[in-house]
Amino acid sequence: MAVREIRVGNVIFGGAGVVLIAGPCSVENEEMTMLTAETVVKNGAGMLRGGSWKPRTSPYSFQGLGVEALKILRKASNEYSIPVVTEVMSIRQIEIASEYVDMLQVGARNMHNFSLLSEIGRSRMPVLLKRGFMATVEEWLLAAEYILKEGNESVVLCERGIRTFETWTRATLDISAVPLARNSLGLPVIVDPCHAAGRRDLILPLSLAAIGAGADGIMIEVHPDPDKALSDGGQSLSLEEFVLFAETIGAAPQSPCRLNEKNRR
Ligand code: PEP
Ligand code: MN
């Protein structure tokens with residue numbers, strides 16, 4: 001099914017190619033963010049990701065650098081001419097984040113936060129709406145409609161795995177959700193294999209599965225030293241692993257934003 005094309009900076013979701021989004025789970029400091037941005041851009045990423053406010057299970061875990069992270073993301077974005085996405089967890093963060101980033105992410109834990117969705121709908125910022133890990137496809141699509149209803153049509157959906165009885169992975173990637181969601185609302189759908197698997201060895205096979213199922217993009221966590229990451233190191237690729245990964249899935253170095261057409265169905 002043809003989906004709506006959504007432009008974010010120089011990137012188009014829902015066009016002929018598959019958008020590769022990559023970057024650290026959390027923006028930890030300027031150095032690691034710039035280094036990661038440089039590597040992912042040079043190897044075909046079309047968009048940079050990075051968490052500024054982190055929805056951590058424990059309040060004692062690293063919570064993100066907040067506005068300082070936004071400034072670092074903007075700097076990386078300007079330096080490497082790449083749009084950037086960060087997660088907002090509350091209505092209060094929308095305005096400030098919108099000053100620095102190109103796309104707002106609604107995380108899995110906030111997919112049901114209807115007042116946040118409506119407010120983002122009124123903001124007109126492009127949105128990456130992740131599926132809640134306890135949400136059905138229908139609930140996820142209705143969450144998207146909260147944003148659309150306010151007049152914001154720039155919504156990209158992200159399948160990131162749901163909770164099942166399986167314990168060998170952090171969540172279970174629901175591949176069926178990709179064509180189902182794509183065909184229902186006509187919005188682009190991307191896949192985040194990192195949060196689905198919770199382990200880096202599954203990132204490549206799940207990404208290939210996502211491309212095979214027609215995903216419009218893939219979002220990958222990358223860290224210069226995953227073992228020392230302040231969040232999600234176990235599911236992050238090192239810079240070297242990312243280079244190999246991008247090459248394997250057919251990301252074209254120096255021509256950010258699209259994977260080679262040959263990798264489309
Ligand atoms: C993230 O992308 O860093 C994140 C927290 O993802 P999710 O909301 O899918 O858990
Ligand atoms: Mn993460």
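When a ligand or atom number is given, it counts from 1 through the structure's own listing order.
More than 12 heavy atoms of other residues, nucleotides or ligands shown are found within 6.0 angstrom of CD on Glu166. Residue Arg4 qualifies as enclosed at atom CZ: its count of foreign heavy atoms under 6.0 Å is above 12.
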For a distance cut-off of 3.5 Å, show me each N or O of ligand 1 paired with any protein N or O, plus the separation.
unit_1	atom_1	unit_2	atom_2	d
ligand 1	2 (O)	Arg49	NH1	2.8
ligand 1	2 (O)	Gln105	NE2	3.0
ligand 1	2 (O)	Lys130	NZ	2.9
ligand 1	3 (O)	Arg49	NH2	2.8
ligand 1	3 (O)	Lys54	NZ	2.9
ligand 1	3 (O)	His195	NE2	3.4
ligand 1	6 (O)	Lys130	NZ	2.9
ligand 1	8 (O)	Ala108	N	2.8
ligand 1	9 (O)	Lys130	NZ	2.9
ligand 1	9 (O)	Arg160	NE	2.6
ligand 1	9 (O)	Arg160	NH2	3.4
ligand 1	10 (O)	Arg109	NH1	2.8
ligand 1	10 (O)	Arg160	NH2	2.8

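Under 4.0 Å is where a charged nitrogen must lie from a carboxylate oxygen, and between Arg49 and Glu221 at least one such pair does. The pair Glu79-Lys75 does not meet the salt-bridge criterion, since no charged nitrogen lies less than 4.0 angstrom from a carboxylate oxygen.
Between Met111 and Tyr146 the shortest side-chain heavy-atom distance does not fall below 4.5 Å. Counting only heavy atoms from C-beta outward, the side chains of Arg122 and Asn152 never approach each other to under 4.5 Å.
A cation-pi arrangement, defined by a distance under 6.0 Å to the six-membered ring centre and an angle within 45 degrees of its axis, is present between Arg163 and Phe133.
Checked by atom type, the side-chain pair His112/Glu139 shows no donor-acceptor distance below 3.5 Å. Side-chain N/O atoms of Arg56 and Gln63 include no donor and acceptor closer than 3.5 Å.
Each protein N/O/S atom under 2.8 Å from the Mn ion (ligand 2) was counted, for a total of 4.
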